[in-house]
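Here is how names work: the chains are called A, B, and so on, in the same order as the sequence lines, proteins then strands, and each is numbered from 1.
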Amino acid sequence: MSRYNAREVEPKWQTAWADAQVFHAKIDRTKPKYYVLEMFPYPSGKIHIGHGRNYVMGDVVARFKRAMGFNVLHPMGWDAFGMPAENAAMEQKTHPGKWTYANIATMKEQLKILGLSIDWSREFATCDPTYYKHQQKMFLDFERLGFVARKEANVNWDPVDHTVLANEQVIDGRGWRSGALVEQRKLTQWFFKISDMAEELLSALGDLDRWPDKVRLMQRNWIGKSEGARVTFELSDPKYGSLEVFTTRPDTLFGASFCAIAVDHPIAQEMAKTDTSLVSFIAECKRQGTTEAAIETAEKMGFDTGLKAKHPFIAGATVPVYVANFVLMEYGLGAIFGCPAHDQRDLDFARKYGLPVIPVVVPKGQDPKAFAVGTEAYIGDGLLANSGFMDGMNVDDAKRAVIKKLEAMGAGTGTITYRLRDWGVSRQRYWGCPIPMIHCDHCGVVPVRDEDLPVTLPDDATFDQPGNPLDRHPTWKNVDCPSCGKPARRETDTMDTFVDSSWYFARFCDAQAPGPTNKEAVDYWMPVDQYIGGIEHAILHLLYARFFTRAMRKAGYAGVSEPFAGLFTQGMITHETYKDQDGKWLFPEEVEKRDGAVVKRGSNQAVTIGSIEKMSKSKKNVVPPEAVADTYGVDAARWFMMSDSPPERDSEWSESGIEGSWRYVQRAWRMVNESAPHLPGFGSVAPDGFGHEALAIRQVTHRTIAAVTEDLDRFRFNKAVARMYEFVNALSDFKPVSEADQWALREALETLTVLMNPMVPHLAEECWQVLGGETMVVHTPWPKADPALTRQDTVTIAIQVNGKRRDEIDVAKDSDPKAVEAAVLAMESVVKAIDGKPVKKVIIVPNRIANVVV
RNA sequence: GCCCUCUUGGCGGAACUGGUAGACGCAACGGACUUAAAAUCCGUCGUUCGCGAGGACGUGCCGGUUCGAGUCCGGCAGAGGGCACCA
């Protein structure tokens, strides 16, 4: 018996699919459409098997839906702009484009090994001018429609390299190359006004019912709607006018003991002009870093400006105004009032600077005079005290009352704010889509004319020093003003790569469209029915794409508002890590397990086994797909990736695991190959009547169809795989005798082949051929379970006495509960367990369980 | 700091909306076949008591609700993820 030879079989079928253009998608209105998309890859170099899970998962869905009769679109492209290319250019003295396209070529070959059902005719890379020119066009349209703004924002600035750093390039507050302390610096930058759509993006989340709840919650929190009030405090020095703060707790206004403003607040900036100690305080705060985690975990610091704010309700009372590091200019109004008794952060601040702590909300049933706040702020509900007109109200009523009063006095209004900030898209880097704007000394900022697009990147940029190569390019930025014709300068910022990935799914609908999109194709294919990718994109990418799709709709490029009707976030593939005696990482293939010890291959050097981590180049715990395909075949790898771990969880790659999958492939092949010669002809008609054995195997077959169909539909690939194992185990035990048995076996083996096709498509084609199939299995419709065969006539119900399992009994399905009760009480095991005690009651859950309570 | 997730045998995991805990796979062990090995096949496989029939215990820890809790509620512990210029 010859073994299944994946190395020969797999390329053969891949060629057959390609020759027949099976995966070439066309608009076909006679079928329901299904658009399945995996988040497209960044071409970082080579793929490892860890990248494969995402694509294989999408491929299983695509092949399953195709068999179910859908017109499937399953494209692939490259998210090709980004920092790694520019870093590589600096380190390897090459061009980012050259590096990127070389990576794309390599990775495309590797992806093809996986046998994915992709329509490669739609492939594109976002770094290609034929893609980004459309992005520039849409940027200009968005600008005309008022979705674009230009304003100041902070960046991480490396004072030695004179360059802007990404958060990931800031390590412990220092630049990753220079080691210099990073500062925050303000730059005027381009923004998409996503915050204008905050409410829409928030409320539409409710309709995304095929998204994980977790992701919707993360987006909800990210948008961060809060209801509260703006309150105006008059200031002691009229030079600074008044101070407007935002609060979600206007009810605690009588407990205010200070106001705090952000370091970027106009009042702080104005005062800093004449106060050198404030200047140094601000500088100190600016070394903190821009991430929320850095700001939140930093020690709370305040600078007393000496200004006093007059309490809106208490005549003659004032509170000090501080500049504080924990107040963000980007959120609310960049100014707060502090009520230490009912906010932990305010309390910490008040204790540090010796400010009063006045409780104004007292838990119900406690005496307001005796209630005091120690080291923990009271944030719960209760009744107002020490609060004038609000005394005795609960928190919600007090909020309403105080807003009404503030509005009547002209000292404030009820308002809603969002945590969501506008999307800053400017990047001071070369390898991105140029922002099509021109700066003219006479006309200001002028858009590039549509007919002058694309603004392409110059090929002769230099990467030998840090900073933006576009900015220091000798000629590129010199251009005549489209408005007045005088010499002007191009914008040298490029777009955030998240812009590139915010509309690629729409471009895939017609990758050759002369404009940004082909509206007809977009209307047919969009939204993406099933989007698949990592949870790390739960917020930014997915929110930006939702915003961008809305903007595209308003600009006439799309007919939908939501890009992704269904979302699945899959787990990563992990692998053990290995280090040699010098502490250097080792590739798994450099490691050998010998006599129970782990050693460096071909030596006796001991190897330390490290933790199990996400496959990554840096830790070398990667396995190349070519090696797996050579040794076990791609189908074994695909099978392994779908088995064991549920798809949303991480899954560990192991040698024994892939061997187990290889055994499955061999076993399925052997079973089909050994049985085929004895089976009745393909498509032959079943003989009349079935023996018990044949009927049983038919029941198993149809129950497997029902179960696997449901599991695949619900993304439970691991369970679908387990079902297939059970099916194969049942078939192994089946010894056909009669003609009816042979016919039942043929039906079972054909079913097995079609059911496993989404996971192991090459093996399935080969089995199908052996079974006598005339067309490829890729063209074969999914089987339907026959309800007459999946129906259960008898059920086994468990029998408990006082909740403890004592026995079980087979009864007809949907038996009369009274009859079941009588049968149960008569059972010897039950009588013994009751031990003569009186029966209090009997609980019968139909078809499931009986519980006798004594 | 804030937000979120996870915790079931030696391991990955299964158990539909509270109803027989451990499907399926991996590893391990015993056996068959073989000169031998590989492959394959048969069997055992949560802990514990018992010759056996069978019993007791068991889903991170403590408590609660319920006839019944891996599942629901409260508290605690541990591990992991996200936090706006990585993609």
Side-chain angles (χ1 to χ4, degrees), chain A residues 1 3 39-42 44 79 81-84 87 153-156 164-170 189 194 213-215 217-218 220-222 224 290-298 300 326 330 344-345 348 419-429 496-498 500-501 533-541 543-544 640 643-646 648-652 654-661 663-664 666-667 670 710 714 716 718-719 721-726 729 732 796-808 829 840-843 845 847-854:
Chain A
M1 173 56 58
R3 272 191 192 168
M39 291 178 185
F40 66 161
Y42 178 79
S44 57
D79 188 14
F81 275 136
M83 229 169 35
N87 293 337
N154 286 318
V155 294
N156 299 308
V164 175
L165 298 177
N167 282 335
E168 78 158 9
Q169 295 172 320
V170 180
Q189 309 200 53
I194 189 172
D213 289 342
K214 181 182 171 178
V215 173
L217 180 66
M218 284 166 87
R220 201 167 286 131
N221 290 340
W222 188 256
T290 54
T291 69
E292 188 172 320
I295 290 161
E296 288 285 328
T297 51
K300 308 292 173 272
F326 59 86
E330 289 84 3
Q344 191 60 44
R345 191 182 55 191
D348 296 343
R419 208 184 74 102
L420 180 66
R421 307 202 298 253
D422 281 336
W423 173 14
V425 296
S426 286
R427 297 292 182 271
Q428 297 68 39
R429 287 187 241 288
D496 180 6
T497 57
F498 275 123
D500 313 338
S501 55
I535 186 73
E536 68 273 19
H537 292 293
I539 300 170
L540 294 183
H541 163 57
L543 191 62
Y544 292 154
F640 180 39
S643 39
D644 292 355
S645 288
E648 67 276 11
R649 265 198 233 175
D650 286 351
S651 129
E652 195 195 339
S654 67
E655 213 47 32
S656 55
I658 181 75
E659 277 169 18
S661 296
R663 276 198 296 271
Y664 171 81
Q666 295 296 335
R667 190 175 169 205
R670 211 179 320 118
E710 200 195 330
R714 297 171 67 170
R716 300 197 297 209
N718 54 325
K719 285 185 68 187
V721 165
R723 295 287 191 178
M724 302 293 284
Y725 273 112
E726 285 178 301
N729 288 344
S732 302
T796 305
I797 67 171
I799 293 163
Q800 298 180 337
V801 176
N802 284 343
K804 274 193 194 304
R805 186 184 173 279
R806 292 294 170 191
D807 208 339
E808 60 184 37
S829 51
K840 283 187 200 146
K841 64 174 162 174
V842 181
I843 292 152
V845 182
N847 304 325
R848 285 207 173 273
I849 205 163
N851 190 9
V852 180
V853 185
V854 291

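Comparing C4(B), C86(B), C26(B) by their closest approach to the side chain of Leu217(A) singles out C4(B). Considering only the side chain of Val164(A), C85(B) comes nearest among C67(B), A14(B), C85(B). Distances were taken from every side-chain heavy atom of Ala722(A) (C-beta onward) to each of G19(B), G82(B), C24(B); the shortest belongs to C24(B). Comparing C24(B), C85(B), C41(B) against the side chain of Glu726(A) picks out C24(B) as the nearest.
Distance noted for atom P between A39(B) and G58(B): 41 Å (whole Å). Straight-line distance between the C1' atoms of G13(B) and C26(B): roughly 11 Å, to the nearest whole Å. Taking the P atoms as reference points, U20(B) lies 10 Å from G70(B), given to the whole Å. Nucleotides U71(B) and C83(B) are separated by 32 Å at their P atoms, to the nearest Å. Taking atom P on both C33(B) and U17(B), the two are 49 Å apart, rounded to the nearest angstrom. Between U59(B) and U47(B), the distance separating the two P atoms is 15 Å to the nearest Å. Comparing the C1' positions of G60(B) and G9(B) gives a spacing of 15 Å, expressed to the nearest Å. G19(B) and A14(B) have their P atoms separated by 16 Å, given to the nearest Å.
Side-chain N/O atoms of Gln189(A) and base N/O atoms of C85(B) include a donor-acceptor pair closer than 3.5 Å. The base of C85(B) sits within donor-acceptor range of the side chain of Arg429(A), with an N or O pair under 3.5 Å. Evaluation of atom-type donor-acceptor distances gives a pair under 3.5 Å for the side chain of Asn851(A) against the base of C67(B).
Between the side chain of Asp807(A) and the backbone N or O of Ile799(A) there is no donor-acceptor pair closer than 3.5 Å.
One atom, CZ of Arg805(A), and another, P of A69(B), lie 16 Å apart when rounded to the nearest Å. As a whole-Å value, the separation of Phe498(A) CZ from A87(B) C1' is 6 Å. The separation between Met218(A) atom CE and G82(B) atom C1' is 5 Å, rounded to whole Å. Taking atom CZ of residue Arg723(A) and atom C1' of nucleotide A15(B), one finds them 11 Å apart after rounding to whole Å. Between the NZ atom of Lys840(A) and the P atom of U66(B) there is a distance of 14 Å, rounded to whole Å. Taking atom CD of residue Glu648(A) and atom P of nucleotide G81(B), one finds them 17 Å apart after rounding to whole Å. Atom CZ in Arg220(A) sits roughly 18 Å away from atom C1' in C2(B) (whole-Å rounding). Per the geometry, CG belonging to Leu540(A) stands 11 Å off P belonging to A87(B), to the nearest Å.
Within 4.0 Å of Glu330(A), counting heavy atoms only, lies no atom of the nucleic acid at all. Using a 4.0 Å heavy-atom distance criterion, Trp423(A) is classed as making no nucleic acid contact. Residue Gly660(A) is in sugar-phosphate contact alone, with no base atom involved, counting any heavy-atom pair closer than 4.0 Å across all strands shown. Gln344(A) comes within 4.0 angstrom of no nucleic acid atom, judged by non-hydrogen atoms across all strands. His541(A) comes within 4.0 angstrom of no nucleic acid atom, judged by non-hydrogen atoms across all strands. Within 4.0 Å of Pro646(A), counting heavy atoms only, lie sugar-phosphate atoms of the nucleic acid but no base atom.
Regarding contacts with the backbone of U7(B), a side-chain N or O of Arg649(A) is found under 4.0 angstrom from either OP1 or OP2. For the pair Arg663(A) and C26(B), the criterion of a side-chain N or O lying under 4.0 Å from OP1 or OP2 is met. Listed pair Lys719(A) / A15(B) meets the phosphate criterion, a side-chain N or O lying under 4.0 Å from OP1 or OP2. Considering only side-chain N and O atoms, Arg427(A) lies nowhere under 4.0 angstrom from the phosphate OP1 or OP2 of C86(B). A close approach under 4.0 Å does occur between a side-chain nitrogen or oxygen of Asn718(A) and OP1 or OP2 of A14(B). Dashed line: the shortest gap from a side-chain N or O of Asn729(A) to OP1 or OP2 of G25(B) is under 4.0 Å. In this model, the phosphate group of A87(B) is approached by a side-chain N or O of Thr497(A) to a distance below 4.0 Å at OP1 or OP2.
Remark: C76(B) base-pairs with G60(B); criterion is Watson-Crick or G-U wobble with both hydrogen-bond distances under 3.5 Å. Pairing for A53(B) is absent, with no Watson-Crick or G-U wobble pair whose two atom distances lie under 3.5 Å. Under the Watson-Crick and G-U wobble criteria, each requiring two contacts below 3.5 Å, nucleotide C86(B) is left unpaired.
Comparing Ala798(A) and Arg714(A) by the nucleotide of RNA chain B that holds the closest heavy atom to each, the one mapping nearer the 5' end is Arg714(A). Across the interface with RNA chain B, nearest-nucleotide mapping of Thr796(A) and Ser654(A) shows Thr796(A) to be the residue nearer the 5′ end.
Within the 4.5 Å cutoff, side-chain heavy atoms of Gln428(A) are placed close to those of Gln189(A). At least one side-chain heavy atom of Arg667(A) sits under 4.5 Å from a side-chain heavy atom of Asn729(A).
Applying the 90° criterion around 0 to the glycosidic angle, G9(B) comes out syn.
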Output, in order, the C-alpha distance, side-chain angles, deciding distance and verdict of side-chain contact (heavy atoms from CB on, under 4.5 Å) for Ile194(A) and Asp422(A). CA-CA 5 Å; Ile194(A) 189 172; Asp422(A) 281 336; 4.3 Å; yes

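Between Trp423(A) and Tyr544(A), the ring-plane angle classifies as parallel under the 30° and 60° cut-offs. Below 30°, between 30° and 60°, or above 60°: for Phe498(A) and His537(A) the angle between ring planes is above 60°, a perpendicular geometry.
Arg723(A) is linked by a side-chain hydrogen bond (donor to acceptor under 3.5 Å, both in side chains) to nothing, counting only residues two or more places apart in sequence or in another chain.
Within the model, atoms CG of Asn851(A) and CZ of Arg806(A) stand 11.0 Å from one another, a figure rounded to the nearest 0.5 Å.
Between Val854(A) and Lys840(A), the closest heavy-atom pair is O-NZ, 3.8 Å.
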